[in-house]
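Following: one structure in structure tokens, then a few remarks.
Here is how names work: the chains are called A, B, and so on, in the same order as the sequence lines, proteins then strands, and each is numbered from 1.
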Number of protein chains: 4
Amino acid sequence: MKKNKPKYKQIIDAAVVVIAQHGYHQAQVSKIAKQAGVADGTIYLYFKNKEDILISLFEEKMQLFIENISDFIEGDYSPSEKLLKMIENHFKILSSDHNLAVVTQLELRQTNKDLRLKINSVLKEYLTLVDKIIREGMETGEFDPELDVRLVRQMIFGTVDETVTTWVMNEGKYNLVSLAAPVHHLIINGCGRKKAV
Amino acid sequence: MKKNKPKYKQIIDAAVVVIAQHGYHQAQVSKIAKQAGVADGTIYLYFKNKEDILISLFEEKMQLFIENISDFIEGDYSPSEKLLKMIENHFKILSSDHNLAVVTQLELRQTNKDLRLKINSVLKEYLTLVDKIIREGMETGEFDPELDVRLVRQMIFGTVDETVTTWVMNEGKYNLVSLAAPVHHLIINGCGRKKAV
Amino acid sequence: MKKNKPKYKQIIDAAVVVIAQHGYHQAQVSKIAKQAGVADGTIYLYFKNKEDILISLFEEKMQLFIENISDFIEGDYSPSEKLLKMIENHFKILSSDHNLAVVTQLELRQTNKDLRLKINSVLKEYLTLVDKIIREGMETGEFDPELDVRLVRQMIFGTVDETVTTWVMNEGKYNLVSLAAPVHHLIINGCGRKKAV
Amino acid sequence: MKKNKPKYKQIIDAAVVVIAQHGYHQAQVSKIAKQAGVADGTIYLYFKNKEDILISLFEEKMQLFIENISDFIEGDYSPSEKLLKMIENHFKILSSDHNLAVVTQLELRQTNKDLRLKINSVLKEYLTLVDKIIREGMETGEFDPELDVRLVRQMIFGTVDETVTTWVMNEGKYNLVSLAAPVHHLIINGCGRKKAV
DNA sequence: CATGAATGAGGATTCATTCAT
DNA sequence: GATGAATGAATCCTCATTCAT
């Protein structure tokens with residue numbers, strides 16, 4: 001399995017650094033090879049082509065998101081709590097690796113439609129976990145049972161993603177993790193005034 | 001004023017068609033010229049360069065969004081109603097011009113960072129209107145007065161944008177406009193169960 | 001006769017200014033037209049094409065050189081004196097019109113071989129006058145009767161031309177006209193030490 | 001060192017052939033690559049850009065001129081003899097490589113001012129050698145000690161250059177090398193009649 | 001396994017010239 | 001005579017990928 005050889009991860013990490021520093025369109029294979037400390041040709045012993053580097057990069061990093069939340073997704077937390085932990089996890093990971101945040105929020109979106117569709121299919125596993133939480137919430141009655149799951153998932157992911165992107169575009173000038181609670185609150189309660197109970 | 005000459009809009013419309021059909025990276029100037037029924041060189045009588053076509057395209061189309069909502073943004077509707085109308089307008093425009101939807105949601109995002117920053121500054125006018133509605137809602141008491149305006153704007157825009165993108169990626173297989181009401185409901189109330197009044 | 005209409009000279013003078021200021025490769029027809037205060041198309045009522053402007057420019061200006069020396073070329077001066085006057089005239093004209101000097105010494109040499117051959121044939125009339133002086137000098141015995149006329153002409157023109165070009169390249173920082181006498185002296189006596197008489 | 005790899009000289013020689021045959025403006029990079037028997041892209045492994053090919057060409061060939069004369073420039077010849085050998089060398093090199101003569105005398109002068117300035121700075125080393133001979137002649141008393149060195153250098157170079165250019169324009173119809181002695185004679189003695197000794 | 005020299009397809013832009021008004 | 005909007009041909013360079021060593 002190539003994925004376990006040291007050069008595999010070495011090249012992916014080099015790709016993150018190069019793309020973050022030089023931008024997607026200036027991230028030539030030769031630059032990535034140099035950063036990884038291997039020859040250009042070596043890249044092709046581990047990846048089919050350049051596109052394959054990017055998809056693999058996304059797969060690898062997506063594991064970070066999923067591994068962390070798998071722990072508590074089956075745990076004894078309420079759906080709302082799970083959602084909060086998920087958002088916190090999302091913000092923490094990207095907050096702690098600014099290069100990765102730049103790559104996923106800005107640079108990797110400059111790819112063509114085909115590549116983006118492939119990236120989206122990698123994303124699906126993550127989104128499925130969101131769906132699971134939503135359904136659980138609807139079943140326990142914590143969430144509105146009339147919800148359209150896909151729409152809610154889009155609201156959650158759209159809000160989270162837009163929040164991170166804006167943060168990256170502002171060059172991380174404010175604390176992203178501290179936005180997890182208010183974002184979660186917005187998602188659960190909307191922007192309407194809470195009715196007196 | 002070049003913008004009022006017929007060929008200006010003719011070229012922009014050609015660009016939308018060509019980019020939607022062939023993708024951003026296959027949208028050569030010569031292809032756009034052919035689609036517009038003009039010579040390659042004529043493009044450069046109306047636009048500084050290829051990038052200028054794209055920015056102008058975005059400016060021109062963004063006017064559609066803004067013009068329509070300017071009518072009622074000052075009207076006697078409640079903030080929540082204004083928000084609903086805004087979302088409906090957003091969905092209607094992109095629903096009725098599938099090419100445009102493909103271009104704005106998928107193709108135009110593949111551009112380099114410089115171009116995207118310029119596009120974002122065009123977008124700002126639209127986002128300012130959203131902010132206005134949010135602030136009005138907070139003042140009238142219809143919205144939670146404790147809201148972080150930027151965060152709410154990100155939730156609204158992120159949700160709307162993600163909804164449209166998913167719809168485009170599903171090739172418009174379902175009715176987008178009919179999602180305006182549930183999306184609006186989610187934004188106002190969140191996914192939490194409505195408390196008994 | 002087009003050459004006598006005011007716009008003919010107007011366009012040629014505009015060409016000299018534009019070429020001197022912007023360089024040969026940035027001297028577009030439209031720029032020359034603008035400088036001349038006419039429309040692009042008007043140029044083509046007076047000149048066959050762009051090349052024709054340049055040849056005509058050279059013809060017109062070459063007249064300046066020839067007219068002035070025609071006066072004394074038939075006069076009672078010795079061949080050596082005629083040569084000195086010719087060099088002085090050459091230096092004076094280019095000294096007094098820096099734009100013209102830049103155009104003839106630097107810019108017009110960037111043209112293709114064909115155009116340069118045409119320019120050379122315009123130059124011929126001028127060079128014939130040089131030949132005439134040389135032959136006269138050989139006949140009167142003032143010049144070495146064994147000379148190869150073509151070679152001498154090349155020495156004279158080569159030396160004069162190189163002197164002007166160097167002066168232009170040094171941006172006219174020193175007085176060109178005052179070099180006429182020493183250049184003339186070099187041409188007549190060479191660089192060898194004058195033998196004691 | 002790229003300059004010592006075989007393809008470096010291979011490409012330069014191809015450039016000389018292509019420029020001589022097709023003219024500067026028709027010497028496309030792809031044509032040069034084809035003539036050199038390499039791919040277009042290979043050119044750019046050895047040269048920064050097209051301009052760099054031309055400057056390198058000039059540098060490379062200028063070495064021919066300088067190497068040959070370095071041998072005797074320090075030798076026991078009189079300054080006048082050195083000058084003669086230099087002119088002979090100059091004529092021999094260009095006489096034996098007609099393509100090169102066309103390129104240096106006609107085609108390479110069509111380049112823009114920037115490139116010409118760079119070419120001129122390459123030429124400087126050669127002109128410095130001329131200056132050296134002149135100064136030596138003035139010191140030994142073989143040349144007029146009152147000479148303006150720059151002016152004499154301009155006479156020498158202007159005469160030599162004009163002689164070669166005329167020869168090239170006449171398509172090499174006569175023997176250039178045999179003109180070395182008379183040109184040298186003219187430079188040393190001028191065209192004036194030698195005074196009886 | 002690893003290398004890196006070589007490959008070659010592909011596109012935005014300029015500007016001399018035309019011609020309907 | 002004069003205009004100027006429209007034309008369209010023509011080229012340098014980059015970079016993902018290969019393959020002989």
Side-chain angles (χ1 to χ4, degrees), chain A residues 2 5-7 11 25-34 36-54, chain B residues 2 5-8 10-11 22 25-34 36-54, chain C residues 2 5-7 11 25-34 36-54, chain D residues 2 5-8 10-11 25-34 36-53:
Chain A
K2 304 226 151 164
K5 300 204 178 167
K7 285 193 182 167
I11 290 166
H25 288 292
Q26 281 305 304
Q28 295 87 350
V29 171
S30 62
K31 224 177 245 167
I32 295 173
K34 197 171 185 181
V38 300
D40 294 16
T42 305
I43 299 265
Y44 291 86
L45 298 174
Y46 295 88
F47 300 91
K48 257 204 334 283
N49 50 36
K50 188 179 180 182
E51 189 174 271
D52 190 31
I53 306 178
L54 303 176
Chain B
K2 302 229 149 157
K5 297 199 182 171
K7 288 194 180 163
Y8 179 83
Q10 194 174 325
I11 291 166
H22 298 91
H25 287 293
Q26 281 304 307
Q28 295 89 346
V29 171
S30 62
K31 230 177 240 168
I32 296 173
K34 199 169 185 180
V38 301
D40 293 18
T42 305
I43 300 264
Y44 292 87
L45 297 176
Y46 294 88
F47 301 92
K48 261 207 325 287
N49 48 37
K50 190 179 178 180
E51 189 175 88
D52 191 30
I53 305 177
L54 302 175
Chain C
K2 304 226 148 165
K5 299 204 179 168
K7 286 194 181 166
I11 291 167
H25 288 292
Q26 281 304 307
Q28 295 88 348
V29 171
S30 63
K31 225 178 244 168
I32 296 174
K34 197 172 185 181
V38 301
D40 294 16
T42 304
I43 300 264
Y44 291 86
L45 298 175
Y46 294 89
F47 300 91
K48 257 206 331 285
N49 49 36
K50 189 178 180 181
E51 189 174 270
D52 191 30
I53 306 178
L54 302 176
Chain D
K2 304 230 149 157
K5 297 201 180 167
K7 288 196 180 162
Y8 179 82
Q10 195 173 326
I11 291 165
H25 287 293
Q26 280 304 307
Q28 296 88 346
V29 172
S30 62
K31 231 178 240 167
I32 296 174
K34 198 171 186 181
V38 300
D40 293 17
T42 306
I43 300 264
Y44 293 87
L45 297 177
Y46 294 89
F47 301 92
K48 262 205 327 285
N49 49 36
K50 190 180 178 181
E51 188 175 90
D52 190 31
I53 306 178

Under 4.0 Å between any heavy atoms, over every strand shown, what does [X] touch: base, sugar-phosphate, or nothing? Just pick one.
| X | result |
| --- | --- |
| Tyr46(B) | sugar-phosphate |
| Lys31(C) | nothing |
| Val29(D) | sugar-phosphate |

Among dT13(E), dA12(E), dT3(E), find the nucleotide with the atom closest to the side chain of Asp40(B).
dT13(E)
Consecutive-pair stems (3 or more, Watson-Crick or G-U, under 3.5 Å) for DNA chain E
E:2-21 with F:2-21
Distance check needed: [N] [atom2] versus [X] [atom1], whole Å only.
| X | N | atom1 | atom2 | result |
| --- | --- | --- | --- | --- |
| Lys48(B) | dT14(E) | NZ | P | 12 Å |
| Gln26(C) | dC15(E) | CD | C1' | 10 Å |
| His25(B) | dA12(E) | NE2 | P | 12 Å |
| Leu54(C) | dA16(E) | CG | P | 10 Å |
| Tyr44(B) | dC15(E) | OH | P | 13 Å |
| Leu45(B) | dT14(E) | CG | P | 11 Å |
| Gln28(B) | dT13(E) | CD | P | 13 Å |

[atom1]/[X] to [atom2]/[Y] distance, rounded to the nearest 0.5 angstrom?
| X | Y | atom1 | atom2 | result |
| --- | --- | --- | --- | --- |
| Lys7(B) | Ile43(B) | NZ | CD1 | 10.5 Å |
| Ile11(B) | Ile53(B) | CD1 | CD1 | 7.0 Å |
| Asp40(B) | Gln28(B) | CG | CD | 10.5 Å |

5'-most contact on DNA chain F: Val38(B) or Asn49(D), nearest heavy atom basis?
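Result: Val38(B).
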On DNA chain F, check which nucleotide each of Glu51(A) and Gly41(C) is closest to and give me the residue with the more 5' one.
Gly41(C)
Atom of Tyr8(D), atom of Phe47(D) and distance for their closest heavy-atom approach:
CE1-CE2, 3.5 Å
Could you report the tightest heavy-atom contact between Gln26(C) and Lys31(C), atom names first, then the distance?
O-NZ, 2.9 Å
Going 5' to 3' along DNA chain F, which are the first and last nucleotides with any atom under 4.0 Å from a heavy atom of chain C?
dG1(F) to dG4(F)
Map Lys7(D) and Thr42(A) onto DNA chain E by nearest heavy atom, then report which one ends up closer to the 5' terminus.
Thr42(A)
With sequence neighbours excluded, what pairs up with Tyr44(B) under the side-chain contact (heavy atoms from CB on, under 4.5 Å) test?
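If we apply the side-chain contact (heavy atoms from CB on, under 4.5 Å) test to Tyr44(B), skipping adjacent residues, the hits are Val29(B).
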